[in-house]
Every structure is written in structure tokens, then in C-alpha cells.
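Remarks on the structure that follows.
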Amino acid sequence: PFRVKPTLNPAVLNWMWQFARRCNHQQVLASGEHLQAILDSSQNEYRKIIDAEKLQCEWRENGLLYVYKTSRAFESYAETDRMLTEHFGVSAKRIESEELRILDPGLKHDLAGAFHYEGDTSVRPDLLNQEWTKRLRTRGIKLIENCELQRVAKENDAISQLETSQGCLSADHYVFAMGAWSTRWGDELLCSIPIQPGKGYSLTMDRPETCVKHPMLFPEHKVGVSPFDGGFRLGSMMEFVGYDETIPEYRIEQLRESASQYLKAPVDGEAKEKWYGWRPMTWDSLPIIGRAPKLSNAILATGHNMLGLSLAPATGRLVSEILLDSPTHIAAQAFSPSRF
């Protein structure tokens, strides 16, 4: 599921080198500490928002399963779970093969077992965005869609206006949450934004009769499954291929083939949606949240790697605190754009 397109692009090569330098246990623990803080904050914010706004977005609190096909891989992951317990206080419930059949009947019976992170939650992204957009509009928020940013006009050490396909827009403050496209705007924002697009794919189908009940990951095949009320989704892959927009059929078949080794339900049904997306990958695995170093009224909110939706509420809260020059509710220096 992993692919890197050969390239001599200096920005890509530097990103890979910087990433490789950080592939060590010490860096994992350091980054993990900051990620845990913002993840815990986001989960708390989600619970408050879902409850206060009564959002109908299939919010679930039944945890996440890491499912293993072979005993060797199952036992190997136990070491990782012990590390998470020791350093982060996060533990999974070990589910043996026989118990797994009862916990989630949608899985095949020949699996080695699973680790159940009972505190994890899930949501259906499209419904969440639809519901949240409705709430914003009822509060008088104006959303300008299909509007292309063309240039960032600056005066002294501040942004004066944005030039767009729908005319010029001006404001007191500007938040740039541009995902994998962010790196293309580093020169305009007078700062380094070292992000590479990590391409992934998903396949959404109708919900089968024998659908699994939990969201789950199959680490041996690097595939995730998200069950919804009206369907279920398979997702995977990490490709560093630039801004490629194609959806190769072999990638979709790879999703089906991998998932079929775990799921009772057939996965060869009609695809309701074939999708690709570019994850905004940073070389230290941490998001970029904070003021642009050389522009007094510009804030970056990007680089969330594979955790964009997971980190969204805490990111929004941090942005509001930074914009108001208030103390941040969690330590945010590790996310600052100034670290590059």
C-alpha cells in the first residue's frame, strides 16, 4: 500500500531526509506527547459540540479494533500496546479469537484476535460537515464556495487583502487552512510550509447484512473499515506521487482483496463512491498551527497528516485563542510554523 514516485525534486528529497532523521523511538515519544494532548482536547470538544448542537452525524463511542490475521502479528502488536500504556496511559483490551467472533460477528472466524481501544470514537465525515455547515449558516456565517485564491496582497508586515476569482476580499485576520495545497503558498505567506501530499484512496459501498459493528484497522494489510448506517467504507494507501488526480482501478481492487481476508460480507459489490485525497504530511508528524512568522494577521492551520478530522475541533479552538492573543488551552509551541 506504500509507494514513492521517483523524483529529483529538491523539496521532496529534503522532506524525505528530514522525515528519515526523525524515525527513532525518542522522536516518536516526543511527538506522541504533543499529539496526545491535542487528540484528547479534540475528543472533549467533539463531545461538547455533538451534545450541544444535537448533530446527526452517526457519532459512535464503541471504540476501535486493531484486527490481526496471524498469531505472530497479533503477539507482536502486544509490545506496541504495552508501550502506549507505559508512556501515554492508553491501553487496549486484548480480544482472543473466540471472543472476537462474539464481539463482532461481521468478522471471519479464522482470525488470530484483536486489540480493542474502547475509548476511541468515530463519526461520519460527510454528515458532520453537512450538519455543521447548517449550524454556521443559521448563525449568519457566509460561506463563499468555489472561490479560487489567486494572490495574497501584503502591506508592511500584514495582509491587506486576498485576490480571488470572485474579486478581492479583505478582513482583520486571515486563517489559512489549505491542507496539502499549503506548501504552494509558502512564498506568498513569507514562510516555509514543508508539506508533501500523501495520497490515499477509499471505496464506499452499500451496507451488507453481515456488516461489522466497529470501526477497525487491519494493520497487516494497512486497510481501515468504517461501518455507517447506510453503507461501509474501505480506506488505505500512502502514495507520495505529487498532486496526482487519478484513481487506478488496481488500487480499488487492492482495497477489496485486502478487506476480503477479514470480513464475512462480500466486498465485490457496486462502488457507490471511489475517492482519493491528499493528506498534508509534515516531516515531524505534527500539525502546523500558529501565526505566520512574518505576517501579523495570518494564522496557519494545516499539516494534520492523517488526523485532519480527528484534530479539527481542538485546532479551531487553538486558532481562536491565538487570534485573540489568549493563553492556549494546551501547549501549542510544538505546532508553531516557526519551527521550520
Cation over ring face, R207 and F232, 6.0 Å, 45°:
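Not satisfied by the 6.0 Å and 45° rule.
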Between Y276 and R251, is there a cation-pi geometry (under 6.0 Å to ring centre, at most 45° from the normal)?
no
For [X], which residues count as a ring-ring contact (aromatic ring centres under 6.0 Å, His included) partner, sequence neighbours excluded?
X    : value
F74  : F115
F340 : W283
F218 : Y262

Does anything in residues 162-181 pair up under side chain to side chain donor-acceptor pair (under 3.5 Å), and if so which pairs, sequence neighbours excluded?
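Every pair satisfying side chain to side chain donor-acceptor pair (under 3.5 Å) with a residue in residues 162-181: R151-E163.
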Which residue pairs pass the side chain to side chain donor-acceptor pair (under 3.5 Å) test with at least one member in residues 72-95, sequence neighbours excluded?
E75-R94, Y77-Y117, E79-R82, D81-Y117, T85-S91, R94-E96
Show which side-chain atoms of residues 48-60 pair as donor or acceptor with protein atoms under 3.5 Å away, not counting sequence neighbours.
residue: K48; atom: NZ; partner: E45; partner atom: OE2; Å: 3.2
residue: E53; atom: OE1; partner: R139; partner atom: NH2; Å: 3.4
residue: E53; atom: OE2; partner: R139; partner atom: NH2; Å: 2.7
residue: K54; atom: NZ; partner: D51; partner atom: O; Å: 3.1
residue: Q56; atom: NE2; partner: K54; partner atom: O; Å: 3.3
residue: E58; atom: OE1; partner: D229; partner atom: N; Å: 3.0
residue: W59; atom: NE1; partner: E61; partner atom: OE2; Å: 2.9
residue: R60; atom: NH2; partner: D229; partner atom: OD1; Å: 2.6
residue: R60; atom: NH2; partner: D229; partner atom: OD2; Å: 3.3

Verify the distance criterion only: is there a donor paired with an acceptor across the side chains of T246 and D244 at less than 3.5 Å?
yes
Quick one: do the K264 and H109 side chains pair a donor with an acceptor below 3.5 Å?
yes
Specify whether F240 and W15 have parallel, tilted or perpendicular ring planes, treating 30° as the upper limit for parallel and 60° as the lower limit for perpendicular.
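It falls in the tilted class, 30° to 60°.
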With distance as the sole test, does [X] use its side chain to make a donor-acceptor pair with the main-chain N or O of [Y] at under 3.5 Å?
X    : Y    : result
S236 : K222 : yes
R317 : P313 : no
E239 : F2   : no

Salt bridge between R291 and E321, side-chain N to carboxylate O under 4.0 Å?
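No, R291 and E321 are not salt-bridged.
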